[in-house]
Amino acid sequence: MAMAMRLPAISRAVTEVASASASAPVGLRRLFCSNASRFSFLSPQAESQTPARPQAEPSTNLFVSGLSKRTTSEGLRTAFAQFGEVADAKVVTDRVSGYSKGFGFVRYATLEDSAKGIAGMDGKFLDGWVIFAEYARPREQSQPYQPQNNMSRPPYYGNR
DNA sequence: CTTGAGCGT
């Protein structure tokens, strides 16, 4: 009775690992599959079909995630500067508390440097955490601060 | 103020 529970529990765990690898972000997926997906001659369709998580096109700007919440913008710049000229490095912090959100951005001076930065830093350790570096998606809103929530509707307190 | 899977006030 008690022994019979063990085997299903194991196979369930295996299934969960497999599905986690399938639904994980591209950076995280490298943990499970490494570069094996590059050799996709066994399943040629996998290459032509758009994966669930499309990668951003190459840019000088890098999205870096998996950061320790103790990693600062200066630490980020120092780590990535080994592989190229860093024009800007920024750990994203909560506006009110000021604490790191665990990801950030690194902008290199050139596309060549940003490619070397990904190659050199993606999957590496920084402050005790495995970090992921990939090309950043273009920002959704433009440069000056604009609240994404439409609070523009004036308050209305009834008559008069 | 350190334990998340995340694209910037």
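Numbers restart at 1 for each chain; the letters A, B, ... are given by sequence-line order, proteins then strands.
Regarding A/Lys69, its NZ atom lies at a distance of 15 Å from the P atom of B/dC1, rounded to whole Å. When rounded to the nearest whole Å, the span between CG of A/Leu67 and P of B/dT2 equals 13 Å. The distance between atom CD of A/Glu134 and atom P of B/dG8, rounded to the nearest whole Å, is 13 Å.
Side-chain atoms of A/Asp94 stay outside donor-acceptor range of the base of B/dG8, with no qualifying N/O pair under 3.5 Å.
Contacts between residues 96-112 of chain A and DNA chain B, defined by a heavy-atom separation under 4.0 Å, are made by A/Tyr99, A/Lys101, A/Gly102, A/Phe103, A/Phe105.
Judged purely by atom type and a 3.5 angstrom limit, A/Ser73 uses its side chain to pair as donor or acceptor with the backbone of A/Val91.
Spacing of P atoms, B/dA5 relative to B/dC1, comes out at 23 Å, to the nearest Å.
Transitive grouping of hydrophobic side chains (ILVMFWY, heavy atoms separated by less than 4.5 Å) keeps A/Phe132 and A/Tyr108 in distinct clusters.
In this structure, A/Ala119 has no side-chain contact (heavy atoms from CB on, under 4.5 Å) partners at least two apart in sequence or on a different chain.
The listed nucleotides are B/dT3, B/dT2, B/dC7; the one nearest the side chain of A/Arg70 is B/dT2.
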* To do: Quick one: do A/Val64 and A/Leu76 satisfy side-chain contact (heavy atoms from CB on, under 4.5 Å)? Show the steps, please.
  => CA-CA 9 Å; A/Val64 185; A/Leu76 196 63; 4.1 Å; yes

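Residue pairs meeting the ring-ring contact (aromatic ring centres under 6.0 Å, His included) criterion with at least one member in residues 57-79 of chain A, sequence neighbours excluded: A/Phe63-A/Phe103, A/Phe63-A/Phe105.
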